[in-house]
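Below is one structure, written out as structure tokens; the observations come after it.
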Amino acid sequence: MGEHTVTVFEEFSVTVPDGLTLRGRIYGPENAADTVVCLAGLTRNGRDFHQLAEILSGNPVRPWRVVTIDSRGRGLSDRDPDKTRYTVPVEANDVLAVCDSLGIERAVFIGTSRGGLLMHLIAGLRPALLAGVVLNDIGPVVEPEGLRQIQAYLGRKRPQPRDWTEAVAAVRADHGPAFPVLSDNDWRDMARALYRETEQGITPDYDPAIAAQLVSADLSQPMPDLWPQFEAFSPTSLMVIRGEHSRLLSEATVSEMARRHPGLRVTRAAGQGHAPILHLGNLSQKIIEFLRTCK
């Protein structure tokens, strides 16, 4: 089901301590017993989880309340006038502020890429908040090859799409080789999640300063790993999803994650790269199976 279809969700807004207003969506019944919070990647937004949120909130046996958050500078959330605040620590504290405002005391968190990096910090900041964590194609070691790939397509100069057909073609040009499993409808859905139609036309739905940070980064040296932060997941139910064609999360890192966290559930997303689309294939069912184990 595409983003342009009619669905049932409520929009929310929360003003965080430094004055920015963050926005997102809440799917599912208000009296649901359990909550799932979804955090998107570097230049992505909560619409990435739209179809998954419909599946989880509409589950006939056990509907979940699903909260999707647009991080600062993404989607409908405010763009930060101070571009130095687009950092993982600031955004992790934003998530805590949103949870406080919405009265979320405990939830399962799904973090895609940068959203998963936020979870590494939140596990140390507020471990009692975590009923479980799904790391979508991210772990304590971020492979430089994957970062260079993202750096390349974010830095690529291309004309602004004149219509949605051109927007879909641009997304497919960037990601097509890593996602052979996607259908034409899937590519249209991805474009609708990545772009927004505004008075200025069809534009990427994030502050360009966010992409500029990575494009200008020196990737000649590997990033520091997050193994010390990963240890904070030890009491938490944990699942990792790795895209079959991912260059950001290696099989070696997944194996080491499993060694350090013996209860880790590992799922591979066939025919997908970075980062897997979670409502495709059997991924949503695997996530539901995991959610049922979280308390």
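Reckoned from all heavy atoms, side chains included, excluding hydrogens, waters and symmetry mates.
Looking at heavy atoms from C-beta onward, Q229 lies out of side-chain contact with P140 at the 4.5 angstrom threshold. Side-chain atoms of F49 and V36, non-hydrogen and from C-beta on, never get closer than 4.5 Å to each other. Under the 4.5 Å side-chain criterion, counting only non-hydrogen atoms from C-beta, D137 is not in contact with I241. Looking at heavy atoms from C-beta onward, Y27 lies in side-chain contact with R25 at the 4.5 angstrom threshold. Residues V266 and V240 are in side-chain contact: their nearest non-hydrogen atoms beyond the backbone lie under 4.5 Å apart.
In this structure, R265 fails the cation-pi test against F290, since its NZ or CZ atom is not both closer than 6.0 Å to the six-membered ring centre and inside 45 degrees of the ring normal.
Remark: L291 CG to I110 CD1 distance equals 6.0 Å, nearest 0.5 Å. In this structure, the separation between CG on D186 and CD on Q51 is 8.5 Å, given to the nearest 0.5 Å. In this structure, NE2 in H120 is found 13.0 Å from CG in L125, a value given to the nearest 0.5 Å. Expressed to the nearest 0.5 Å, how far CZ of F109 lies from CD1 of I69 amounts to 7.0 Å. T267 contributes atom OG1, which lies 7.0 Å from atom CG of L283 (distance to the nearest 0.5 angstrom). Summarising the geometry, atom CD1 belonging to I277 is positioned 10.0 Å from atom CG belonging to N136; distances are rounded to the nearest 0.5 Å.
Checked against R23 for a salt bridge (charged side-chain N to carboxylate O under 4.0 Å, His left out), the options D94, D205, D78 give a single hit: D78. Results of the side chain to side chain donor-acceptor pair (under 3.5 Å) test with D207 over R72, R79, K83 single out K83 as the only residue that passes.
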Can you list the steps and then say if L76 with E11 is a side chain to side chain contact (heavy atoms under 4.5 Å, CB included)? CA-CA 10 Å; L76 294 180; E11 296 182 335; 4.3 Å; yes
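Although no hydrogens or angles enter the test, the distance criterion places a donor-acceptor pair under 3.5 Å between the side chain of H261 and the main chain of F233. Although no hydrogens or angles enter the test, the distance criterion places a donor-acceptor pair under 3.5 Å between the side chain of R47 and the main chain of A193.
Look at R74 and D48 and you find no salt bridge, because none of the NZ, NE, NH1 or NH2 atoms lies under 4.0 Å from a carboxylate O. Look at R268 and E251 and you find a salt bridge, because one of the NZ, NE, NH1 or NH2 atoms lies within 4.0 Å of a carboxylate O, short of that distance. Here R259 pairs with E256 in a salt bridge; the nearest charged N to carboxylate O distance falls below 4.0 Å. We find that D184 and R172 are joined by a salt bridge, their nearest charged nitrogen and carboxylate oxygen being less than 4.0 Å apart.
Ring orientation note: the planes of W187 and F179 are nearly perpendicular, at an angle over 60° on the 30°/60° scale. Taking the six-membered ring for Trp and thresholds of 30 and 60 degrees, H50 and F9 have ring planes more than 60 degrees apart, a perpendicular arrangement.
Within 6.0 Å of CZ on R158 lie more than 12 heavy atoms contributed by other residues, nucleotides or ligands.
Looking at S183 and N185, their side chains never bring a donor and an acceptor atom within 3.5 Å of each other.
The heavy-atom pair separating V108 from C294 by the smallest distance is CG2-CB, 3.7 Å. The shortest heavy-atom contact between V168 and A191 is CG2-CB, 3.7 Å. The nearest pair of heavy atoms linking V181 to Q272 is CG1-CG, 3.7 Å.
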